[in-house]
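Residue numbering restarts at 1 for every chain, and letters A, B, ... go by the order of the sequence lines.
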Amino acid sequence: MRIASFNINGIKARLPRLLEWLEETRPAVACLQEIKTQDEGFPAAEFEKIGYHAVWHGQKGFNGVAILADGTTPQVVQQGLPGDPTDDHARYLEVDVFDTRIVNIYLPNGNPQPGPKFDYKLAWMERLRARMQEIMAEEVPAVVLGDYNVIPTDRDVWAPAAMADDALMQPESRDAYMRLLADGWIDAIATHQPGGGVWTFWDYQAGAWQRDHGFRIDHALLSPELADRLKACGVDKEYRGREKASDHAPVWIEIKPAD
DNA sequence: ATGTCATATTTGATATGA
């Protein structure tokens, strides 16, 4: 079973590319970030036509997350990250589907830092950790995947010096990410390719794609039970080079059936 | 070269977020 994540950077602008990717790679579950539409504008009928049922949490102008499943409708467990009633950003959607807990996140970017946006990012990461601890305590097969907006190590960026002041690789951001791993969550891509050099994002600016100036910020964190069933994982890098591409490439994991 | 792109309002131009 393939579970994928794709920050599509606008579902309206990206719909042809998105449908193409779904039909060509046919993930059982697809988690989308930055749909950048209100709930009313979500093109659910387009996905139904090719056999995907969707749940989504939209927001006007930016953010927004959705989960698509092949031939079945995901059951929503939690919409919106718990822990702060004043936070109305659409960045978190947690479902049960195919006997798996699947959590789709669009973690705050945090730039510029320091500042209120960086504070929001760090607070969001602590709230995420609290929720992930609850999920782990449930002992269900679970994956928390999406755009974490964190470059975990210097091996995950084309030039650490070029990004040194960026919120994505500040020590506070990295420490918060490492605490998730310390809690027992397993970074699928990092485990399979510990040498680094795997990118999931290339900026639109400065010819970053052509120069392969990328970094790894889209991650899939597996519960121990699901990690034992990890068959393969990777990045659909080719899609970053297509016409009207997102600035992110899709990330996927392949899970073996439970015994 | 702070070099691109998507969305929205302030709408054929600028602000915001990334």
Side-chain angles (χ1 to χ4, degrees), chain A residues 5-21 31-43 46 56-66 80-81 86-93 104-125 128 145-152 156-170 172-174 176-177 199-219 235 237-251:
Chain A
S5 169
F6 195 178
N7 180 321
I8 52 166
N9 187 17
I11 203 164
K12 292 170 192 166
R14 213 69 63 207
L15 191 59
R17 286 287 88 87
L18 179 56
L19 294 170
E20 185 177 88
W21 168 72
C31 294
L32 309 177
Q33 305 88 36
E34 284 204 89
I35 62 174
K36 294 187 176 179
T37 179
Q38 292 171 286
D39 284 338
E40 309 84 86
F42 187 82
E46 299 297 319
W56 59 94
H57 186 199
Q59 183 175 344
K60 190 176 182 175
F62 69 125
N63 300 331
V65 285
L81 180 62
T86 68
D87 180 10
D88 57 0
H89 284 204
R91 298 179 174 275
Y92 184 98
L93 190 55
N104 180 18
I105 68 163
Y106 175 48
L107 204 147
N109 177 294
N111 282 303
Q113 72 81 29
K117 290 186 176 180
F118 190 57
D119 296 340
Y120 173 65
K121 176 185 192 136
L122 297 179
W124 205 95
M125 292 187 81
L128 177 65
L145 72 168
D147 180 356
Y148 278 74
N149 268 316
V150 174
I151 297 168
D156 301 306
V157 54
W158 66 278
M163 296 288 291
D165 295 329
D166 199 284
L168 277 54
M169 56 175 278
Q170 291 312 296
E172 296 94 328
S173 308
R174 286 180 166 179
Y177 186 79
W199 318 144
T200 68
F201 173 93
W202 296 256
D203 202 285
Y204 288 125
Q205 300 190 62
W209 168 248
Q210 288 75 13
R211 299 174 188 197
D212 201 27
H213 290 179
F215 39 86
R216 188 173 73 97
I217 52 176
D218 300 271
H219 309 303
V235 179
K237 182 174 177 178
E238 176 225 331
Y239 288 84
R240 178 61 181 83
R242 294 197 182 183
E243 287 294 310
K244 293 275 287 176
S246 170
D247 41 6
H248 293 251
V251 172

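Going from atom OH of A:Tyr106 over to atom P of B:dG17 covers 11 Å, rounded to whole Å. As rounded to whole Å, 12 Å separates atom P of B:dA18 from atom CG of A:Asp166. As rounded to whole Å, 10 Å separates atom C1' of B:dC5 from atom CZ of A:Arg240. The nearest whole Å value for the distance from the CZ atom in A:Phe201 to the P atom in B:dG17 is 17 Å. In this structure, NZ of A:Lys121 is placed 15 Å from P of B:dG17, rounded to the nearest angstrom. As rounded to whole Å, 18 Å separates atom P of B:dA18 from atom OH of A:Tyr148. Rounded to a whole Å, the CG atom of A:Asn7 is 16 Å from the P atom of B:dC5. Straight-line distance from the CG atom of A:Leu107 to the P atom of B:dG17: 17 Å, rounded to whole Å.
Taking atom P on both nucleotides, B:dT2 is separated from B:dA13 by 25 Å, rounded to a whole Å. Here, B:dT11 and B:dT16 have their C1' atoms 16 Å apart, quoted to the whole Å. Rounded to the nearest Å, the gap between the P atom of B:dA1 and that of B:dA18 is 27 Å. Distance check on atom C1': B:dT10 versus B:dA15 gives 8 Å, rounded to whole Å.
For A:His213, the side-chain contact (heavy atoms from CB on, under 4.5 Å) criterion is met by A:Trp158, A:Ala208, A:Arg211, not counting sequence neighbours. Shown here are the side-chain contact (heavy atoms from CB on, under 4.5 Å) partners of A:Glu20, two or more places apart in sequence or in another chain: A:Arg17, A:Glu24, A:Arg242. Residues satisfying the ring-ring contact (aromatic ring centres under 6.0 Å, His included) criterion with A:His219, sequence neighbours excluded, are A:Tyr148, A:Tyr177.
Using a 4.5 Å heavy-atom cutoff, the side chains of A:Met163 and A:Asp156 are not in contact. Inter-residue side-chain proximity for A:Asp147 and A:Ile217 is flagged as met; some heavy-atom pair is nearer than 4.5 Å. Within the 4.5 Å cutoff, the side chain of A:Arg174 has heavy atoms near those of the A:Ile151 side chain. Side chains of A:Ile105 and A:Val65 form no contact here, defined as non-hydrogen atoms less than 4.5 Å apart. A:Tyr120 has its side chain within reach of A:Asp87: a pair of non-hydrogen atoms, C-beta onward, lies under 4.5 Å apart. Within the 4.5 Å cutoff, the side chain of A:Leu122 has no heavy atoms near those of the A:Gln170 side chain.
Screening A:Tyr239, A:Phe6, A:Trp21 for a side-chain contact (heavy atoms from CB on, under 4.5 Å) with A:Ser246, the sole residue that qualifies is A:Phe6. The residue from A:Trp202, A:Phe201, A:Trp199 that alone fulfils the ring-ring contact (aromatic ring centres under 6.0 Å, His included) condition with A:Phe215 is A:Phe201.
Looking at residues 109-119 of chain A, you'll see A:Asn109, A:Lys117 sit with a heavy atom under 4.0 Å from some atom of DNA chain B. Taking a 4.0 Å limit (strictly below) on heavy-atom distances, residues 203-217 of chain A reaches DNA chain B at A:Tyr204, A:Gln205, A:Ala206, A:Arg211.
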Would you tabulate the pairs of protein nitrogen or oxygen atoms and nucleotide nitrogen or oxygen atoms of nucleotides 7-15 of chain B closer than 3.5 angstrom?
{"residue": "B:dT9", "atom": "OP1", "partner": "A:Lys60", "partner atom": "NZ", "Å": "3.0"}

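Among the protein residues, A:Arg17 comes within range of no part of the nucleic acid, since none of its heavy atoms lies under 4.0 Å from any strand.
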| query | How far apart are the C-alpha atoms of A:His89 and A:Phe62, what are their side-chain angles, what is the distance that settles it, and do they pass the ring pair (Phe, Tyr, Trp, His ring centres under 6.0 Å) test? | reply | CA-CA 9 Å; A:His89 284 204; A:Phe62 69 125; 5.6 Å; yes
